[in-house]
Amino acid sequence: SGAEYLVLTNNPIYTPGDLAYRLRNAGLPVPQERIFTSAMATAAFLKSQRPRGTVFAVGESGLTTALHEAGLIITDH
């Protein structure tokens with residue numbers, strides 16, 4: 001019907017691309033641009049607090065990808 005929508009998830013493990021693939025295999029063709037994860041929300045919040053800041057991240061690729069895409073630098077300290 002052309003209705004706008006956004007799929008939200010509180011699971012930060014997967015990237016939107018990963019989730020789009022999983023949903024497509026389950027019979028739901030959701031483009032990755034329509035998926036917003038808690039990792040993306042975290043990255044957006046951190047970027048708003050300190051653009052181009054550094055973070056010590058403990059998480060999977062969903063989190064680290066979102067942090068990098070927000071322009072944050074992951075450090076080991």
Side-chain angles (χ1 to χ4, degrees):
S1 69
E4 295 291 324
Y5 68 94
L6 188 62
V7 176
L8 305 173
T9 176
N10 65 349
N11 186 340
I13 294 174
Y14 303 107
T15 67
D18 296 335
L19 291 170
Y21 177 82
R22 293 167 61 105
L23 289 170
R24 189 170 39 259
N25 283 341
L28 299 167
V30 177
Q32 69 182 28
E33 297 80 24
R34 296 281 186 192
I35 299 173
F36 191 77
T37 69
S38 58
M40 295 166 71
T42 299
F45 172 76
L46 293 173
K47 180 179 179 178
S48 76
Q49 298 296 301
R50 188 173 298 238
R52 297 177 307 280
T54 60
V55 297
F56 176 78
V58 178
E60 304 289 334
S61 64
L63 177 61
T64 56
T65 298
L67 293 170
H68 282 296
E69 288 178 353
L72 300 164
I73 304 299
I74 297 175
T75 67
D76 59 356
H77 59 281

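Side chains included, hydrogens not; waters and symmetry mates left out as well; all remaining heavy atoms used.
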- Given the rule that I, L, V, M, F, W and Y join up when any side-chain heavy atoms are under 4.5 Å apart, are Phe45 and Ile74 in one cluster? yes
- Contact list for residues 31-52, test side chain to side chain donor-acceptor pair (under 3.5 Å), sequence neighbours left out: Glu4-Arg34
- Message: Are Ile13 and Phe36 linked, directly or through intermediate hydrophobic residues, by side-chain heavy-atom contacts shorter than 4.5 Å (ILVMFWY only)?
- Response: no
- Message: Let me check something: do Leu6 and Val30 share a hydrophobic cluster, defined by ILVMFWY side-chain heavy atoms less than 4.5 Å apart, either directly or through other members?
- Response: no
- Taking a hydrophobic cluster as the set of Ile, Leu, Val, Met, Phe, Trp and Tyr residues connected by side-chain heavy atoms closer than 4.5 Å, whether directly or through intermediates, do Leu63 and Leu46 fall within one such cluster? yes
- Message: So which atom in Ala66 and which in Ala43 form the shortest heavy-atom distance, rounded to 0.1 Å?
- Response: O-CB, 3.4 Å
- Side-chain touch Leu28/Val7, heavy atoms, less than 4.5 angstrom: no
- Message: Please list all pairs meeting side chain to side chain donor-acceptor pair (under 3.5 Å) that have one or both residues in residues 56-77, counting only residues at least two apart or in different chains.
- Response: none
- Over all heavy atoms of both residues, which pair between Tyr5 and Pro31 is shortest? Give the atoms and the distance, please. OH-CD, 3.4 Å
- Query: Nearest 0.5 Å, what's the CG-CD1 distance between Asp18 and Ile35?
  - Reply: 9.5 Å
- Asn11 and Leu19: side chain to side chain contact (heavy atoms under 4.5 Å, CB included), yes or no, with the steps? CA-CA 10 Å; Asn11 186 340; Leu19 291 170; 6.0 Å; no
